[in-house]
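In the text below, chain A, chain B and the rest are named by the order of the sequence lines, each starting its count at 1. Note that this is a predicted model, so its numbers are computed, not measured.
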There are 2 protein chains.
Amino acid sequence: MTVSRVLNDRGGASAETSQRIILAASELNYRPNPFARGLRSDRSKAIGLLVPDITNPFFPEVIRGAEDAASAAGYNLLLSNVVENSKREEELIETLLRHRVDGIIVCSPRLPDAALHKALAPHRAVVLINREAPNEVAGTIVTDYETGASRAIDHLVERGRRRIAIIAGPRSSFGGKSRLVGFRKTLAAHGLKAQGIVYCDPTAAGGQTAAAQLLAEAPGIDALVCYNDLNAIGAMKVCRAAGISIPGQIALIGFDDIPTAELLSPALTTLRVQKREMGEEAVRLLLSRIATRNRQHGIVIVPELIIRETT
Amino acid sequence: MTVSRVLNDRGGASAETSQRIILAASELNYRPNPFARGLRSDRSKAIGLLVPDITNPFFPEVIRGAEDAASAAGYNLLLSNVVENSKREEELIETLLRHRVDGIIVCSPRLPDAALHKALAPHRAVVLINREAPNEVAGTIVTDYETGASRAIDHLVERGRRRIAIIAGPRSSFGGKSRLVGFRKTLAAHGLKAQGIVYCDPTAAGGQTAAAQLLAEAPGIDALVCYNDLNAIGAMKVCRAAGISIPGQIALIGFDDIPTAELLSPALTTLRVQKREMGEEAVRLLLSRIATRNRQHGIVIVPELIIRETT
DNA sequence: ATGAAAGCGCTAACAA
DNA sequence: TTGTTAGCGCTTTCAT
């Protein structure tokens, strides 16, 4: 007990004993056993982080932020990669439960509400990124994609574009739905409507497929708004291959501001989301929900329009 | 005990008892407690994976591979991000030790040999990616960067380039050193020598700085070989800004084949490394070193020249 | 085929 | 200020 007290800074030991204990611990290379601690305390000092696809450059930034905040608070991060598969999402939420994490953060969940809430219920604390949920289910960090989408359309219209088509990303994405609402509302406000809407994977390859389809089905479009930057990059490649100049004939706008966005040429206009902050805030919110049974709930992040060369 | 036996498929229980146990377990939503298991067995069924920078698109692919192989074997992956800081690398190796992982995989370690070996010693099993080490210290998965570098130079020379400069990446990178050896040898074999060598961070920003410096100090170069694709992307941006045509005036070649390499325009010629396989093999090797005290040691991967538009 | 005892390393509760 | 007891949930060993 005295050893335990000393090594945990709980005081109640003479200065001399403390010295001896600390010295011995260091000589023996003592490391407290986290299993014994976990067994005793039923807490793991670990939190789970689920991302849809670590290969999408959006998420490593979020992870970095989460990692920093977690390790600053003495927590470890267990990273799990869903690979854009909602079945696997469900399994991984369960796997993290088996690992006795103290709480989980789920990035852009694709599961429908009922299944998601059911899977999350047994967890002690949950934060959702880019998905709404009632406070009993989870805290939330959401991007205001609707406002972002609105800004995208305003910007294009201001640049004189009128025949705008939409690459809408995955059907199961809730953020995608918000974007669509914003696109439609704002187009309508300008007396316009979308020249075409195509769903696709949130990847460059998905963007290529979608763009090819739109170019074929909706000739004469003069702008493409995309679900994310990867989609935009794919679209860009298709346009270039078809000899369509950007932004001359078609303007292009993405979402996220992934690192490559500004390295492209033409550099991509996009709606920047603060990814690092998102990860940090998610961890902070989760820890606060773990610590106190408090009702802190949601944070909203509004994306910022970054005007580059594609518009 | 009977419960334990049944739930672990160890047999030795009547069919009826097994039934009852399995039923009860599922009704009670029973999940074995990994802390108790870990405490008892002194094994965590977790392996640590250290990467220099998760934000570099090279590593998410490696992580994906490692994740697949690990979860297929019933192991969990604890991911740690070094942020290109060798001090932190040392700390994280220690942190993983405290977490009682069964073994660790270290990607592109930047620590000098002595410090690295010392930090690794207390671990039960280790695999190094892109770094040599004696078998007692670790198993290794290495890329034959020297051969890769050689192919890069041969290709440039074949394309008629003679005034070749090198963006060499971080000084502390061991893979960078092998590349330099290959570059120099092969240049010499063609009766040439490097028109300039500049070290830099392994990022697009690093590539920009390095390229700017080379353009200023070594005018008239007609090709740039880069430590990695990110460096090449940075160099590309600088050339474009300076009105230098690629590959017209300067040819450009990278290493890694990150996903954006082929999405750039002009698309980047590069030496492809099988990243997924690397992660998978690393896990397999580690598990084999954990399981048997066997002497399986090294795997060498030779990068493949992918010719695109920058050369 | 089933179960009792014991101990992995830790710490809360309670002596001394 | 220091120490004893007990128990977290599991599995190895040894009965029954």
Side-chain angles (χ1 to χ4, degrees), chain A residues 1-48 73-76 78 94-103 122-125 290-293, chain B residues 1-48 73-76 78 94-103 122-125 290-291:
Chain A
M1 263 321 294
T2 302
V3 169
S4 174
R5 276 188 287 249
V6 168
L7 295 179
N8 290 292
D9 281 323
R10 277 215 223 313
S14 74
E16 196 236 328
T17 315
S18 301
Q19 288 305 321
R20 278 170 52 215
I21 289 175
I22 288 168
L23 182 68
S26 114
E27 272 174 5
L28 296 171
N29 242 309
Y30 169 79
R31 302 172 220 278
N33 185 318
F35 299 130
R37 276 208 178 142
L39 187 57
R40 184 72 250 256
S41 67
D42 199 31
R43 300 169 89 321
S44 59
K45 286 278 182 179
I47 64 190
Y75 277 76
N76 271 83
L78 232 68
E94 161 71 18
T95 300
L96 288 171
L97 191 62
R98 277 204 303 270
H99 285 274
R100 300 292 213 271
V101 293
D102 293 339
H123 276 280
R124 293 196 279 235
I290 289 174
T292 65
R293 264 254 123 311
Chain B
M1 264 321 295
T2 303
V3 169
S4 175
R5 275 187 289 251
V6 168
L7 263 22
N8 290 291
D9 281 322
R10 278 216 221 315
S14 75
E16 196 236 329
T17 314
S18 300
Q19 287 306 319
R20 278 169 53 216
I21 288 175
I22 288 168
L23 183 67
S26 114
E27 272 175 4
L28 295 171
N29 242 306
Y30 170 79
R31 302 173 220 278
N33 184 317
F35 300 131
R37 273 219 242 250
L39 187 57
R40 185 72 250 257
S41 66
D42 198 32
R43 299 166 96 311
S44 59
K45 285 279 182 179
I47 64 191
Y75 276 75
N76 272 83
L78 230 67
E94 161 70 20
T95 301
L96 288 171
L97 191 63
R98 277 204 304 270
H99 283 275
R100 299 294 213 271
V101 292
D102 293 340
H123 276 279
R124 294 196 279 236
I290 290 175

(Q) Expressed as a whole number of angstroms, how long is the span from Arg98(B):CZ to dC10(C):P? (A) 14 Å

Q. Between OG of Ser18(A) and CG of Leu7(A), what distance do you get to the nearest 0.5 Å?
A. 9.0 Å

Q) Roughly how far, to the nearest 0.5 Å, is CG of Leu78(A) from NE2 of His99(B)? A) 10.0 Å

Q. Where do Pro122(A) and Leu97(A) come nearest, in terms of heavy atoms and distance?
A. CB-CD2, 3.5 Å

(Q) Can you give me the first and the last nucleotide of DNA chain D (5' to 3') that has an atom within less than 4.0 angstrom of a non-hydrogen atom in chain A? (A) dT1(D) to dG9(D)

Q: State the CZ-CZ distance between Arg43(A) and Arg124(A), to the nearest 0.5 angstrom.
A: 6.5 Å

**Q.** Nucleic acid contacts - residues 2-12 of chain A versus DNA chain C, non-hydrogen atoms under 4.0 Å
**A.** Ser4(A), Asn8(A), Arg10(A)

Q. Under a 4.0 Å heavy-atom cut-off, which of residues 21-46 of chain B touch DNA chain C?
A. Leu39(B), Arg40(B)

(Q) Please compare Ser14(B) and Arg100(B) by the position of their nearest nucleotide in DNA chain C and report the one closer to 5'. (A) Ser14(B)

(Q) So does Phe35(B) get a backbone contact from the side chain of Asn33(B), meaning a donor-acceptor N/O pair under 3.5 Å? (A) yes

(Q) Just verifying a value: how many Å separate Leu39(B) CG and Arg37(A) CZ, rounded to the nearest 0.5 Å? (A) 13.0 Å

Q. Say you draw a straight line from NZ of Lys45(A) to CD1 of Ile290(A); how long is it, rounded to the nearest 0.5 Å?
A. 9.0 Å

Q: For side-chain contact (heavy atoms from CB on, under 4.5 Å), just list the numbers for Arg100(B) and Asp42(B), CA-CA rounded to whole Å, side-chain angles, deciding distance to a tenth of an Å, and then say yes or no.
A: CA-CA 8 Å; Arg100(B) 299 294 213 271; Asp42(B) 198 32; 4.2 Å; yes

Q: Indicate yes or no: at least one non-hydrogen side-chain atom of Ile21(B) is less than 4.5 angstrom from one of Arg5(B).
A: no

(Q) Determine whether a donor-acceptor pair (N or O, by modelled atom type, separation under 3.5 Å) exists between the side chain of Asp102(B) and the backbone of Ser44(B). (A) yes

